[in-house]
Amino acid sequence: MVGSSNTDLIIRVPRIPKAGETLLGGEFMSAAGGKGANQAVGAARSGGRVALIARVGTDAFGERAIKGLRRDGVDVSCVFRDKLAASGVALIFVARDGENSIAVAGGANARLSPADVGKAAGVIRAAALLVAQLETPLATVIAAAQVAMKAGVPVILNPAPAQALPNRLLKLISILTPNETEAELLTGIKVTQEAAAARACAKLRSRGVRTVILTLGARGAYLADAGGQQMVPGFKVKAVDSTAAGDIFNGALSVALAERKTLRDAVRFANAAAALSVTRLGAQPSAPTRVEIERFLGRRK
Ligand code: ADP
């Protein structure tokens with residue numbers, strides 16, 4: 001995994017405070033977050049052997065983020081400490097009605113560099129897969145994808161948060177995993193139903209991506225590759241908090257693919273992991289274990 005590590009500082013509030021307003025009565029909690037770290041933990045709990053390439057500060061948040069990753073068995077030898085920038089932080093308000101408002105200070109994440117990728121090149125070359133997102137600089141993602149491509153290591157890119165992407169990056173990607181918003185930004189096609197999902201996938205494939213897995217929230221995911229396209233339905237669960245559903249999906253997907261499951265089975269496994277995660281609060285705390293995922297799949301045959 002190459003990507004971000006943040007600490008989420010969350011206040012549950014009666015409603016989102018307005019500009020200039022001080023709102024009392026909140027309840028505070030903090031949790032490890034950041035798309036890179038979330039996906040690393042999602043993959044590790046799904047049964048994968050995972051190394052994270054990331055950058056945090058020399059502050060207490062960075063210290064705690066690394067400790068948490070270690071606890072989940074993630075190899076942190078390529079999580080670099082930045083002497084100049086603070087660790088990434090997200091300040092999150094969650095209102096009673098589920099609405100949220102988030103501000104992110106990327107800090108050290110913005111300084112994860114192609115030189116860092118160079119230091120981690122051995123780890124990338126030895127991997128079954130490389131997974132990246134877009135919360136770290138694009139030049140770094142491209143550098144990592146180039147190292148992987150040269151070594152014959154397939155690259156999964158989760159293009160989140162939504163951002164336009166150059167074809168020279170898309171050409172390096174084996175599997176692209178946008179959600180509906182990201183697919184729309186990348187293709188201009190509003191993904192409302194299956195036919196639109198098919199068109200969006202075809203457009204992305206025409207830009208050089210081999211396989212597209214378009215996640216569709218509770219509906220599951222739409223899968224398109226050279227062999228054809230199909231819907232892989234999601235699982236019905238009682239949703240509590242959809243934060244990081246996409247991250248857990250990508251983490252679990254990468255493990256299933258590294259284990260050489262078929263694409264359809266891998267997406268089903270990822271749908272199950274993500275469905276379990278939306279029944280729980282928080283980002284990394286919501287990631288299910290391999291045993292939980294398999295038990296869930298056993299029940300839903
Ligand atoms: P993101 O979290 O990036 O916005 P999605 O909302 O598409 O992405 O969710 C990613 C995956 O999480 C889906 O493909 C699905 O497997 C699962 N998922 C999301 N929301 C639900 C839900 N309400 N019920 C069951 N599964 C869900």
Side-chain angles (χ1 to χ4, degrees), residues 1 3-4 6 8 31 33-39 41-43 45-46 90 92 94 98-100 102 104 131-135 156-163 175-187 189-194 196-198 200-201 204 211-224 229-257 261 263-288 292-293 296-297 299-300:
M1 298 278 168
S4 59
N6 285 330
D8 294 344
K35 290 180 190 298
N38 292 348
Q39 294 186 16
V41 167
R45 294 214 190 132
S46 302
I92 306 176
V94 184
E99 198 185 356
N100 65 27
I102 305 176
V104 178
V131 185
Q133 319 77 27
L134 301 173
E135 264 182 352
I156 300 182
L157 177 66
N158 174 224
Q163 172 181 336
I175 303 180
L176 191 73
T177 59
N179 67 11
E180 291 151 292
T181 314
E182 291 140 15
E184 181 176 349
L185 186 129
L186 290 170
T187 64
I189 298 168
K190 203 169 172 62
V191 182
T192 43
Q193 7 80 5
E194 216 173 300
C201 289
L204 288 166
T211 301
V212 182
I213 299 172
L214 206 173
T215 63
L216 298 165
R219 284 179 290 163
Y222 195 82
L223 167 61
Q229 39 199 20
Q230 55 182 306
M231 185 69 198
V232 186
F235 294 95
K236 254 203 181 59
V237 290
K238 204 161 153 215
V240 172
D241 175 14
S242 67
T243 307
D247 291 339
I248 306 307
F249 182 96
N250 279 279
L253 177 78
S254 59
V255 171
L257 291 172
K261 282 193 184 6
L263 211 48
R264 190 185 162 87
D265 284 349
V267 172
R268 191 174 136 81
F269 182 82
N271 274 339
L276 277 168
S277 82
V278 308
T279 65
R280 303 167 184 173
L281 271 176
Q284 286 168 37
S286 76
E292 290 172 322
I293 300 166
F296 180 87
L297 279 169
R299 282 199 306 269
R300 305 276 179 135

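Order of listing sets the numbers, starting from 1, for every ligand and every atom in it.
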(message) Checking the N or O distance criterion of under 3.5 Å, is ligand 1 in contact with Glu182?
(response) no
(request) Working to the nearest 0.5 Å, report the span between CG of Asp247 and CD of Gln284. (result) 8.5 Å
(message) So if I count the atoms of ligand 1 from 1 in the order they appear, which ones are less than 4.0 Å from some heavy atom of Phe235?
(response) 24 (N), 25 (C)
(message) Donor-acceptor pair, distance only, cut-off 3.5 Å: does the side chain of Arg45 make one with the backbone of Ser286?
(response) no
(request) Return the residue, atom name and 0.1 Å-rounded distance of the protein heavy atom closest to atom 2 (O) of ligand 1. (result) Gly246 N, 3.0 Å
(message) I'd like to check which ligand 1 atoms, numbered from 1 as shown, lie under 4.0 Å from a non-hydrogen atom of Leu216.
(response) 7 (O), 14 (O)
(message) Working to the nearest 0.5 angstrom, can you tell me the gap between Gln193 CD and Tyr222 OH?
(response) 11.0 Å
(request) Find the distance between CG (Asn250) and CD (Gln133) and round it off to the nearest 0.5 Å. (result) 7.5 Å
(request) Quick one: pull up CG in Leu134 and CD in Glu182 and give me the separation to the nearest 0.5 Å. (result) 8.0 Å
(request) Drop me the distance from Gln163's CD to Leu185's CG, to the nearest 0.5 angstrom. (result) 8.5 Å
(message) Nearest non-hydrogen contact with atom 16 (O) of ligand 1 belongs to which option: Leu276, Thr279, Asn271, Val237?
(response) Asn271
(message) I'd like to check which ligand 1 atoms, numbered from 1 as shown, lie under 4.0 Å from a non-hydrogen atom of Ala274.
(response) 11 (C), 12 (O), 16 (O), 17 (C)
(request) For atom 15 (C) of ligand 1, state which one of Ala252, Gly217, Ala245 supplies the nearest heavy atom. (result) Gly217
(request) Compute the minimum heavy-atom distance from Gly220 to ligand 1 and say whether it is under 4.0 Å. (result) yes
(request) List every atom of ligand 1 that sits less than 4.0 Å from any heavy atom of Phe249, numbering the atoms from 1 in the order shown and giving each element. (result) 11 (C), 14 (O), 16 (O)
(request) To the nearest 0.5 angstrom, please state how far the OG1 atom of Thr177 sits from the CG atom of Leu157. (result) 6.5 Å
(request) Looking only at distances, please establish whether an N/O atom of ligand 1 is found under 3.5 Å from an N/O atom of Ala270. (result) no
(message) Tell me if a side-chain donor or acceptor on Asn271 pairs with a main-chain N or O of Pro233 at a distance below 3.5 Å.
(response) yes
(message) Quick check: Ser242 and ligand 1, any N/O pair under 3.5 Å apart?
(response) no
(message) Test your reading of the model: is there a side-chain donor-acceptor pair from Glu135 to the backbone of Ser4, 3.5 Å cut-off?
(response) no
(message) For atom 8 (O) of ligand 1, tell me which residue out of Ile213, Val267, Leu214, Thr215 has the closest non-hydrogen atom.
(response) Thr215
(request) Pick, from Ala273, Ala275, Gly234, Ala218, the option with the minimum heavy-atom distance to atom 21 (C) of ligand 1. (result) Ala218
(message) How far is atom 4 (O) of ligand 1 from the closest protein heavy atom, and which atom is that?
(response) Asn179 ND2, 3.1 Å
